[in-house]
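FYI, side chains are in, hydrogens and waters are out, and symmetry mates aren't considered; it's all heavy atoms of this structure.
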Amino acid sequence: METVSENACFGGVQGVYTHAAKTTQCDMTFAVFLPEEAKDGPVPVLWYLSGLTCTHENAMTKAGAQAWAADHGIALIFPDTSPRGDDVANDEAYDLGQGAGFYVNATEAPWAPHFQMYDYITKELSELVFDKFPLDEARQGITGHSMGGHGALTIAMREKGRFKSVSAFSPICNPTVSDWGRKQLSAYLGSVETKWVAHDASLLMLKEGFDGPILVDTGTKDQFMDLLMPEAFAAAVSSKRQQATIRYQPGYDHSYFFVASFMEEHVAFHAEALYA
């Protein structure tokens with residue numbers, strides 16, 4: 001692991017780091033915010049997974065999460081959204097290839113050699129950050145925006161017992177049905193749709209549920225509402241009788257202005273679970 005930068009931030013440190021990842025077979029960049037309390041020992045962790053076209057930097061600079069994380073003594077982890085590099089497969093479309101990993105392990109050419117984002121997030125990067133930073137592995141929450149909201153919900157439900165809480169901003173909720181999902185899942189995982197189920201938050205909710213609190217916010221003026229399909233997730237939550245708060249925020253769209261507006265509430269939501 002190499003340090004790209006470290007800056008004082010709300011009494012703590014905002015760092016950016018790179019490492020040669022085995023799962024993605026390329027160099028990966030990620031960011032970690034450590035609150036002041038980390039000087040004295042391991043602190044709770046909130047993972048933030050970003051959306052289409054984003055890198056580790058978008059949420060790190062736009063979401064305003066560090067101020068609220070510092071208030072609660074919580075660390076933040078901002079991974080990248082895909083493998084990157086000249087040797088990594090890509091596509092001309094913004095929603096496939098580099099910047100659009102969808103947090104799955106690809107099995108199809110040309111994506112399979114590098115696009116192993118599920119294992120990268122849940123295994124390799126996780127092992128690295130808990131080894132290198134004073135983080136409490138027993139107290140983890142996860143959140144994300146758009147494609148990252150999809151990743152947060154699906155990872156939380158699949159990684160049983162790992163996360164105390166999960167939240168999402170404008171998540172892609174039903175990708176096996178939506179055009180934001182069918183295209184990518186077929187490209188990465190192939191045409192057999194039964195393989196897609198493990199990456200659909202609405203279907204996972206019906207099958208698995210989540211042993212903890214869930215918070216989901218979507219803006220009523222989100223320009224991608226028909227692709228996100230939050231109503232499918234809400235129906236699955238109701239059918240499962242899952243503990244969850246699902247909100248439609250009047251007037252807000254899909255942008256980071258929306259994320260920043262409700263970040264304080266999301267961090268406080270996770271803090272309540274992580275310090276319970």
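The shortest non-hydrogen separation linking L76 to A65 is CD1-CB, 3.6 Å. Nearest heavy-atom pair, P44 versus L274, reported as atom, atom and distance to 0.1 Å: CB-CD1, 3.9 Å. Of all non-hydrogen atoms in G51 and S146, the two that sit nearest each other are CA-CB, 4.4 Å. When all heavy atoms of P213 and K164 are compared, the pair lying nearest together is CD-O, 3.3 Å.
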Test side-chain contact (heavy atoms from CB on, under 4.5 Å) applied to N174 and F233, step by step: CA-CA 7 Å; N174 201 189; F233 187 71; over 6 Å; no
CA sep, side-chain torsions, deciding dist, call: F163, I155, side-chain contact (heavy atoms from CB on, under 4.5 Å): CA-CA 9 Å; F163 297 98; I155 287 172; 3.7 Å; yes
Derivation and outcome, salt bridge (Lys or Arg N to Asp or Glu O under 4.0 Å), residues E108 and K195: CA-CA 12 Å; E108 303 298 305; K195 297 180 180 179; 5.1 Å; no
Derivation and outcome, salt bridge (Lys or Arg N to Asp or Glu O under 4.0 Å), residues E137 and R162: CA-CA 8 Å; E137 195 167 2; R162 176 172 175 177; over 6 Å; no
Evaluation steps, side-chain contact (heavy atoms from CB on, under 4.5 Å), between L153 and L204: CA-CA 9 Å; L153 292 170; L204 276 174; over 6 Å; no
R182 and E193: CA distance, side-chain angles, deciding distance, salt bridge (Lys or Arg N to Asp or Glu O under 4.0 Å) verdict: CA-CA 9 Å; R182 292 189 62 83; E193 295 188 19; 2.7 Å; yes
side-chain contact (heavy atoms from CB on, under 4.5 Å) assessment of R158 paired with E208: CA-CA 8 Å; R158 291 183 62 185; E208 304 286 349; over 6 Å; no
Residue pair D95, K183: steps toward the salt bridge (Lys or Arg N to Asp or Glu O under 4.0 Å) verdict: CA-CA 9 Å; D95 58 354; K183 170 184 176 180; 2.7 Å; yes
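Residues F258 and S170 form a side-chain contact, since some pair of their non-hydrogen atoms from C-beta on lies under 4.5 Å apart. Looking only at side-chain heavy atoms (C-beta outward), L185 and V104 come within less than 4.5 Å of each other. Counting only heavy atoms from C-beta outward, the side chains of P83 and F115 approach each other to under 4.5 Å. Side-chain contact between V166 and V216: absent, with no pair of heavy atoms (C-beta onward) separated by less than 4.5 Å. Residues Q14 and Q66 are in side-chain contact: their nearest non-hydrogen atoms beyond the backbone lie under 4.5 Å apart. Counting only heavy atoms from C-beta outward, the side chains of M205 and Q242 approach each other to under 4.5 Å. Side-chain contact between S178 and L228: absent, with no pair of heavy atoms (C-beta onward) separated by less than 4.5 Å. Counting only heavy atoms from C-beta outward, the side chains of V259 and K62 never approach each other to under 4.5 Å.
Classification of the F102-Y188 ring pair by plane angle, with boundaries at 30° and 60°, yields tilted.
In this structure, T3 contributes its side chain and S5 its backbone to no donor-acceptor pair below 3.5 Å. Between the side chain of Q184 and the main chain of G181, a donor-acceptor pair closer than 3.5 Å is present. Judged purely by atom type and a 3.5 angstrom limit, S239 has no side-chain atom pairing as donor or acceptor with the backbone of A235. A donor-acceptor pair under 3.5 Å is absent between the side-chain atoms of W47 and the main chain of A152, judged by distance alone. Side chain of T81 to backbone of C54: a donor-acceptor contact under 3.5 angstrom is found. Between the side chain of D222 and the backbone N or O of G219 there is no donor-acceptor pair closer than 3.5 Å. A distance-only check finds a donor-acceptor pair linking the side chain of T220 to the backbone of G251 [under 3.5 Å]. In this structure a side-chain-to-backbone donor-acceptor pair under 3.5 Å is present from D200 to T176. Without hydrogens or angle criteria, Q98 side chain to S82 main chain gives no donor-acceptor distance under 3.5 Å. In this structure a side-chain-to-backbone donor-acceptor pair under 3.5 Å is present from T154 to H150.
Within 6.0 Å of CG in D27 there are more than 12 heavy atoms belonging to other residues, nucleotides or ligands. Y275 OH: more than 12 foreign heavy atoms inside a 6.0 Å radius. Atom CD of E272 sits in a sparse spot, with 12 or fewer heavy atoms from other residues, nucleotides or ligands closer than 6.0 Å. More than 12 heavy-atom neighbours from other residues, nucleotides or ligands sit within 6.0 angstrom of CD on Q223.
Residues M229 and L227 do not share a hydrophobic cluster, defined by chaining ILVMFWY side chains whose heavy atoms lie under 4.5 Å apart. Side-chain heavy atoms closer than 4.5 Å link hydrophobic residues (I, L, V, M, F, W, Y) into clusters, and following such links, possibly through other members, connects L125 to L34. No chain of hydrophobic side-chain contacts below 4.5 Å, direct or via other Ile, Leu, Val, Met, Phe, Trp or Tyr residues, connects M28 to M60. Two different hydrophobic clusters hold I121 and F33 under the rule that ILVMFWY side chains link at heavy-atom gaps under 4.5 Å. Linking Ile, Leu, Val, Met, Phe, Trp and Tyr whenever their side-chain heavy atoms come within less than 4.5 Å leaves Y48 and V32 in two separate clusters.
Using modelled atom types and a 3.5 Å distance limit, the side chains of T23 and D119 yield no donor-acceptor pair. Neither side chain, H56 nor T29, offers a donor N or O lying under 3.5 Å from an acceptor on the other. Under the 3.5 Å distance criterion, with hydrogens and angles disregarded, a donor-acceptor pair is assigned to the side chains of D217 and H266.
None of Y252, F269, F169 except one satisfies the ring pair (Phe, Tyr, Trp, His ring centres under 6.0 Å) rule with F262; the exception is Y252.
For H254 and H145, the ring centers are positioned less than 6.0 Å apart. Taking the ring centroids of Y103 and Y118, they lie at or beyond the 6.0 Å cut-off. Ring pair F30/H19: centre-to-centre distance below 6.0 Å.
We find the CD-NE2 distance between E265 and H270 to be 12.0 Å, quoted to the nearest 0.5 Å. To the nearest 0.5 Å, atom CG of residue D179 and atom CZ of residue F224 are 13.0 Å apart.
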